[in-house]
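Since the structure comes first, as C-alpha cells, the remarks are kept for the end.
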Amino acid sequence: MRLVTPQTGPQGKIVHKVFIGEDAYYKGESPTKEYYMSVLLDRTKECNAIVYSAEGGMDIEEVAEHTPEKIFKEWIDPAVGVQPFQARRIAFKLGLSGQAFKEMVSFVMGLYKAYTASDASMFEINPVLKTSDDKIIAVDAKVNLDDNALFRHKDLEAQRDLLEEDPTEIEAAAADLNYVKLDGNVGCMVNGAGLAMATMDIIKLSGGEPANFLDVGGTANAERVEKAFRIILKDEHVKAILINIFGGIVRCDRVAAGVIDAYKKIGNIHIPIIVRLQGTNAEIAKKMIEDSGLKVQSAILLSEAAELVQKAVAKK
C-alpha cells in the first residue's frame, strides 16, 4: 500500500517491509504514558538540543502547531555533552517521579550518547514509553545520519535500503552528481552549491518553481552534463531547464561544448533550455551556443537568464 503521513508528504511512500515488535503496552498497576524526545543540531545557537514533550505519540505535529508551549528544549554544549543535572531537569519537566524518574535520566544520557557516537544529525524517539512497571523504553525511532561520517560506521552503512530512496537520486549519486528532487517546474543544472541556491532563488523570483537541486561540481564535462540532462528530463513536471555555470575551474567554452554534445546525443528535447555561462571564455561559449543551431538560449548576466526563464514558464 501507499502510506501517507505528515512526514512523507502527500505523495506518500510505498510499503516494502513490515517490522513486527513485541507489544510494550501491557496492563499493570501503573498506567502507561507516551512522551516525545529528539536530539538534533540547533544551528542558530551552535549547539545540540534535546527537544521533548509530555504529549508524545502519533500527533506530535499537532502539538507543535497548536500548543507549542508543551514542547521544551534543553541546549547541550557539544564540548562537554549532556550533564546529569540536565537529564534530571528533563525528567522533572515531564512530570516523572520515583523509579520512572531514574529510568528517564538514564534514558536521556543514553540517547545523547547514541546520537553523538553514531554521528547523527537527528535522533527522534516517538513515542518514548513509560511502561506500566515504570520502565522507560524507545518504542519507535527516526534517525538521520551524516553521510559524510559514514566511513566511520560501516555497520550502519550496510543497513542502507535503496527501496526507501528516490531512484533518480540514487542514479545521480552513482554518477557523482549532487541531486535532490523538488516539486517545481524548472530544472536546474549548476556547478557549486552556493550558486545552485542562488539559481533556485532566481527561478522563484521569475515566477517559476525549482524542480530540483543539481550540482554537477567543478568538472562539468560533456559526460557529466549529458547525465545531468537525462536525470532532469526524467521529471515530467519540468517545463524548462536553466543551466547556470561559473567558469572558474572549468572553462565556459568546454561547458558549452558539453551542452551541445549532450543535446545532440539525447535528441527530442522539446522544452526550452537556457544556458547562462559566466567566467573564463564566457563570450566564446555564448557564440558557440548561438551558432550551434540548437534550440538553446544563452545568457551572460543572471538577470538575462531570469528573464528567459520567466518567458519560458509563461509560455508553458
Side-chain angles (χ1 to χ4, degrees), residues 1-25 34-41 51-53 55-66 71 111 114-115 118-129 137-150 153-188 193 196-197 200 203-204 208-215 227-228 230-239:
M1 62 174 285
R2 183 176 294 274
L3 180 68
V4 180
T5 72
Q7 293 182 336
T8 66
Q11 73 279 6
K13 295 280 288 184
I14 297 295
V15 177
H16 297 284
K17 297 178 181 178
V18 176
F19 178 78
I20 301 175
E22 182 181 358
D23 179 22
Y25 292 82
E34 292 183 330
Y35 303 94
Y36 171 88
M37 189 171 296
S38 64
V39 188
L40 66 159
L41 175 63
V51 181
Y52 59 102
S53 174
E55 303 296 322
M58 293 295 291
D59 298 321
I60 188 64
E61 291 85 5
E62 294 290 322
V63 176
E65 182 177 354
H66 300 294
I71 295 180
L111 176 62
Y115 167 79
S118 60
D119 287 306
S121 57
M122 185 191 74
F123 232 101
E124 181 183 72
I125 313 296
N126 188 33
V128 177
L129 178 69
I137 61 174
V139 174
D140 198 4
K142 178 180 179 181
V143 179
N144 283 345
L145 301 175
D146 184 350
D147 293 350
N148 294 315
L150 280 178
H153 305 282
K154 297 298 182 182
D155 56 330
L156 298 177
E157 188 176 19
Q159 297 182 45
R160 182 182 183 187
D161 185 356
L162 297 179
L163 292 174
E164 293 299 316
E165 300 182 32
D166 186 290
T168 311
E169 292 184 9
I170 296 172
E171 182 183 351
D176 202 23
L177 298 170
N178 295 314
Y179 174 86
V180 179
K181 189 180 182 306
L182 302 173
D183 298 325
N185 54 5
V186 180
C188 312
M197 299 300 289
M200 292 164 69
I203 289 171
K204 289 186 71 70
E209 289 289 335
N212 63 270
F213 171 100
L214 197 159
D215 176 11
K227 190 66 177 178
R230 292 187 184 278
I231 287 172
I232 292 174
L233 290 170
K234 286 185 177 183
D235 187 347
E236 60 184 16
H237 298 105
V238 171
K239 306 302 180 186

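FYI, the numbering just counts along the sequence from 1. No experiment lies behind these values; they were computed from the predicted model shown.
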CA sep, side-chain torsions, deciding dist, call: V51, I71, side-chain contact (heavy atoms from CB on, under 4.5 Å): CA-CA 7 Å; V51 181; I71 295 180; 3.5 Å; yes
Roughly how far apart are [X] [atom1] and [Y] [atom2], rounded to 0.5 Å?
{"X": "E61", "Y": "H66", "atom1": "CD", "atom2": "NE2", "answer": "11.0 Å"}
{"X": "T8", "Y": "I14", "atom1": "OG1", "atom2": "CD1", "answer": "10.5 Å"}
{"X": "R160", "Y": "I170", "atom1": "CZ", "atom2": "CD1", "answer": "6.0 Å"}
{"X": "L3", "Y": "H16", "atom1": "CG", "atom2": "NE2", "answer": "11.5 Å"}
{"X": "N144", "Y": "D119", "atom1": "CG", "atom2": "CG", "answer": "13.0 Å"}
{"X": "D161", "Y": "K17", "atom1": "CG", "atom2": "NZ", "answer": "4.5 Å"}

Side-chain heavy-atom pair Y115, L41 within 4.5 angstrom cut-off: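 Y115 reaches L41 side chain to side chain.
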Please tell me if the side chains of L145 and S118 come closer than 4.5 Å, counting only heavy atoms from C-beta onward.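 They are in side-chain contact.
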Give the minimum heavy-atom separation between [X] and [Y], together with the two atoms involved.
{"X": "E55", "Y": "I60", "result": "O-CD1, 3.6 Å"}
{"X": "N212", "Y": "C188", "result": "ND2-O, 2.8 Å"}
{"X": "K13", "Y": "E164", "result": "NZ-O, 2.7 Å"}
{"X": "N185", "Y": "A211", "result": "N-CB, 4.1 Å"}
{"X": "P127", "Y": "E34", "result": "CG-OE2, 3.6 Å"}
{"X": "L214", "Y": "Y179", "result": "CD1-CD1, 3.6 Å"}

Keeping the roles fixed (side chain from E209, backbone from D183), state whether a donor-acceptor pair exists under 3.5 Å.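 Checking the backbone N and O of D183 against the side chain of E209, no donor-acceptor pair under 3.5 Å is found.
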Please check this pair: side chain of K204 against backbone of P210, looking for a donor-acceptor N/O pair closer than 3.5 Å.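 Judged by distance alone, no pair lies under 3.5 Å.
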Output, in order, the C-alpha distance, side-chain angles, deciding distance and verdict of side-chain contact (heavy atoms from CB on, under 4.5 Å) for R230 and I232. CA-CA 6 Å; R230 292 187 184 278; I232 292 174; over 6 Å; no
Could you tell me whether M122 atom CE has more than 12 heavy atoms of other residues or ligands within 6.0 Å of it?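 Correct, the count exceeds 12.
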Has D166 got more than 12 heavy atoms of other residues, nucleotides or ligands less than 6.0 Å from its CG?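 Counting neighbours around CG of D166, more than 12 heavy atoms of other residues, nucleotides or ligands fall under 6.0 Å, so yes.
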Tell me, with the steps shown, if K227 and L177 meet side-chain contact (heavy atoms from CB on, under 4.5 Å). CA-CA 9 Å; K227 190 66 177 178; L177 298 170; 4.1 Å; yes
Is there a side-chain contact (heavy atoms from CB on, under 4.5 Å) between E171 and I231? Walk through the geometry before answering. CA-CA 8 Å; E171 182 183 351; I231 287 172; 4.2 Å; yes
